[in-house]
Amino acid sequence: MRTSWADSVANSASEIAVADNNPLPRPTRSTYVPPHLRNRTASEAPTLSGPVTDRAGFSSAAGGSQWPRWGGGSGGNKPESGRPAQGYGYPGAGRGGGGGGGWNNNRSGGWDRREREVNPFGDDEEVDTEHPFNEQENSGINFDAYEDIPVETSGDNVPPPVNTFAEIDLGEVLNQNIRRCKYVKPTPVQRHAIPIALGGRDLMACAQTGSGKTAAFCFPIISGIMREQYVQRPRVARTVYPLALILSPTRELSCQIHDEAKKFSYQTGVKVVVAYGGAPINQQLRELERGVDILVATPGRLVDLLERARVSLQMIRYLALDEADRMLDMGFEPQIRKIVEQMDMPTRGVRQTMLFSATFPREIQRLASDFLSNYIFLAVGRVGSSTDLIVQRVEFVQETDKRSHLMDLLHAQRENGIHGKQALTLVFVETKKGADALEHWLCMNGFPATTIHGDRTQQEREMALRSFKSGKTPILVATDVAARGLDIPHVAHVVNFDLPNDIDDYVHRIGRTGRAGKSGLATAFFNEGNLSLSRPLAELMQEANQEVPAWLTRYASRAPYGGNKNRRSGGGRFGGRDFRREGSFSRNLDYYGGGNSSTAAYGVPGNYGGGYAPGVTSAWD
DNA sequence: AAAAAAT
């Protein structure tokens with residue numbers, strides 16, 4: 001039987017009082033610490049925030065600091081990754097003044113910020129330290145859906161995966177937050193990616209957001225920053241020096257990552273700030289000035305901040321690109337190169353770089369390798385594993401019939417729904433104008449809808465998302481701005497009103513449902529305008545054990561090879577192969593290689609039974 | 001051709 005989190009917390013509250021040897025003040029409202037008693041550890045090291053081993057509550061000092069102490073002057077290195085000794089300079093040295101020396105620890109501004117930190121978990125209850133990772137607890141993630149998922153890794157000396165959070169020494173404070181999040185055991189991507197990241201290795205990972213991808217790169221980053229005894233950063237007027245940078249392709253996704261990272265870093269002293277366009281910059285500047293360890297950002301706003309010299313990347317130790325293939329495609333690549341290669345960020349091999357996405361076209365992998373050093377490639381998933389959870393339907397609908405067809409779907413859905421309530425339905429269209437038009441039409445016809453796309457103000461976008469999540473407008477019409485990464489609970493149905501031209505986009509779109517191991521439905525409207533998608537779509541559906549309509553198979557068999565960019569560029573659909581391994585020996589398996597072997601890929605159902613089939617797709621972000 | 005991302 002399931003025990004609620006609140007119950008177990010209540011039951012163990014008295015034990016905690018004894019068992020908890022965490023020196024930090026509790027986040028309870030009743031605990032008032034007068035100013036003169038605050039920040040006692042800091043008084044032992046006046047300009048710094050105190051030894052992090054105290055703050056983090058690590059069970060041992062094993063490993064020690066992975067990086068050279070910035071104030072110590074010793075040129076240590078990261079033994080695990082064999083990085084060269086780093087001769088960091090001390091930018092701004094001598095410019096600071098006064099008592100504490102010329103350094104400013106941005107993480108602690110004279111008092112311990114944690115005492116004022118808003119509890120992102122919305123309660124002030126303690127967590128169960130007596131029964132860490134109690135298997136009876138339930139995070140809401142359906143772990144059974146993740147059993148026996150095959151994993152492919154390549155690269156030198158891949159650290160072995162772990163099976164439990166307890167096996168990883170992330171630090172007690174972070175462990176508490178993991179329990180507060182009700183994560184009982186790591187998801188497959190976390191099991192593999194966290195040890196790799198903690199080992200200081202660069203990583204290219206194909207993984208599913210719904211199963212905790214954000215945590216997979218956040219935990220090691222937060223833990224790594226905490227493990228620093230302290231970090232001394234330059235003090236240059238109005239410039240801040242984050243230690244970690246997380247980039248994502250949309251503003252809403254950056255916000256989401258920020259929210260998650262804030263939860264994970266609660267009470268750790270690690271400060272997370274988000275910066276994105278469309279919102280007043282002054283507020284973001286103020287947040288930055290209050291100190292930042294982890295900066296989550298969209299590229300445009302970050303470039304702005306860098307050009308204003310309000311942010312410097314020279315202290316960056318961790319770089320994470322979420323939706324990395326998107327970040328490196330034509331639209332974004334120049335900006336990313338500018339940020340990573342042409343500003344003041346430490347070079348690859350000096351910083352640690354982690355790229356995450358589900359889809360990783362070979363061409364993008366090749367590009368991405370510019371940013372990586374001796375990296376490990378990780379692919380988590382199995383033929384049809386995740387998309388098994390999403391029922392995919394394709395219907396032949398002429399352009400002129402799409403609206404009435406959608407109306408039929410929505411009516412049927414409403415009638416089958418509980419109390420006649422409309423289930424959350426996400427409708428993807430091709431254009432911003434089309435989104436507005438469809439939204440208007442739906443509203444006119446009695447279906448409360450809203451829309452999200454790049455022509456709306458940021459306020460409108462955020463309002464639309466809130467209104468959808470809350471069920472106030474249970475239909476959200478969206479462009480591809482909402483296709484990737486967004487974790488919207490309870491999306492029952494994704495409708496591809498207009499299909500995308502790229503199968504990877506389709507994979508990301510339908511992945512907005514069937515999250516966290518739950519089931520979902522995806523319906524696509526297909527017509528002659530989508531011929532180039534017929535082959536990859538039919539393949540994908542077949543590989544995911546979906547029913548492929550005969551008419552679609554016919555279209556697919558007639559469709560010219562190469563109509564889809566992924567066929568050419570090397571597919572990145574799951575099953576994701578490390579492009580470094582695609583030498584001549586695997587030519588006959590390389591369905592995406594541009595060779596004629598690819599024609600063998602289609603219509604060979606015999607391969608799909610077990611294990612990997614090359615070029616397999618799933619809804620893994 | 002469209003979408004996203006700075007003002």
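Being a predicted model, the structure only gives us computed values, none of them experimental. Quick note on labels: first sequence line is chain A, next is B, and so on, each numbered from 1.
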Using a strict 4.0 Å threshold on nitrogen-to-oxygen distance, state whether A:Asp504 and A:Arg326 make a salt bridge. no
How would you label the contact of A:Gly277 with the nucleic acid (heavy atoms, under 4.0 Å): base, sugar-phosphate, or nothing? sugar-phosphate
Please name all residues satisfying salt bridge (Lys or Arg N to Asp or Glu O under 4.0 Å) with A:Arg393, sequence neighbours left out, ordered by chain then number. A:Glu395
Would you indicate whether A:Gln459, at its atom CD, is surrounded by more than 12 heavy atoms from other residues, nucleotides or ligands within a distance under 6.0 Å? no
With sugar-phosphate meaning primed atoms plus P, OP1 and OP2, does A:Arg461 contact a base, only sugar-phosphate, or nothing at under 4.0 Å between heavy atoms? sugar-phosphate
Report yes or no: is the cationic atom of A:Arg558 (NZ for Lys, CZ for Arg) closer than 6.0 Å to the six-membered ring centre of A:Tyr555, at no more than 45° off its axis? yes
Distance-only donor-acceptor check, side chains A:Gln283 and A:Glu287, under 3.5 Å: no
Pick base, sugar-phosphate or nothing for A:Arg251, based on heavy-atom distances below 4.0 Å to the nucleic acid. sugar-phosphate
Chain A on DNA chain B: first and last contacting nucleotide, 5' to 3', under 4.0 Å to a heavy atom? B:dA1 to B:dT7
Reckon A:Asp304 touches a base, only the sugar-phosphate, or nothing at all at heavy-atom distances under 4.0 Å? base
According to side-chain contact (heavy atoms from CB on, under 4.5 Å), who are the partners of A:Thr250, at least two apart in sequence or on a separate chain? A:Glu252, A:Leu253, A:Val481
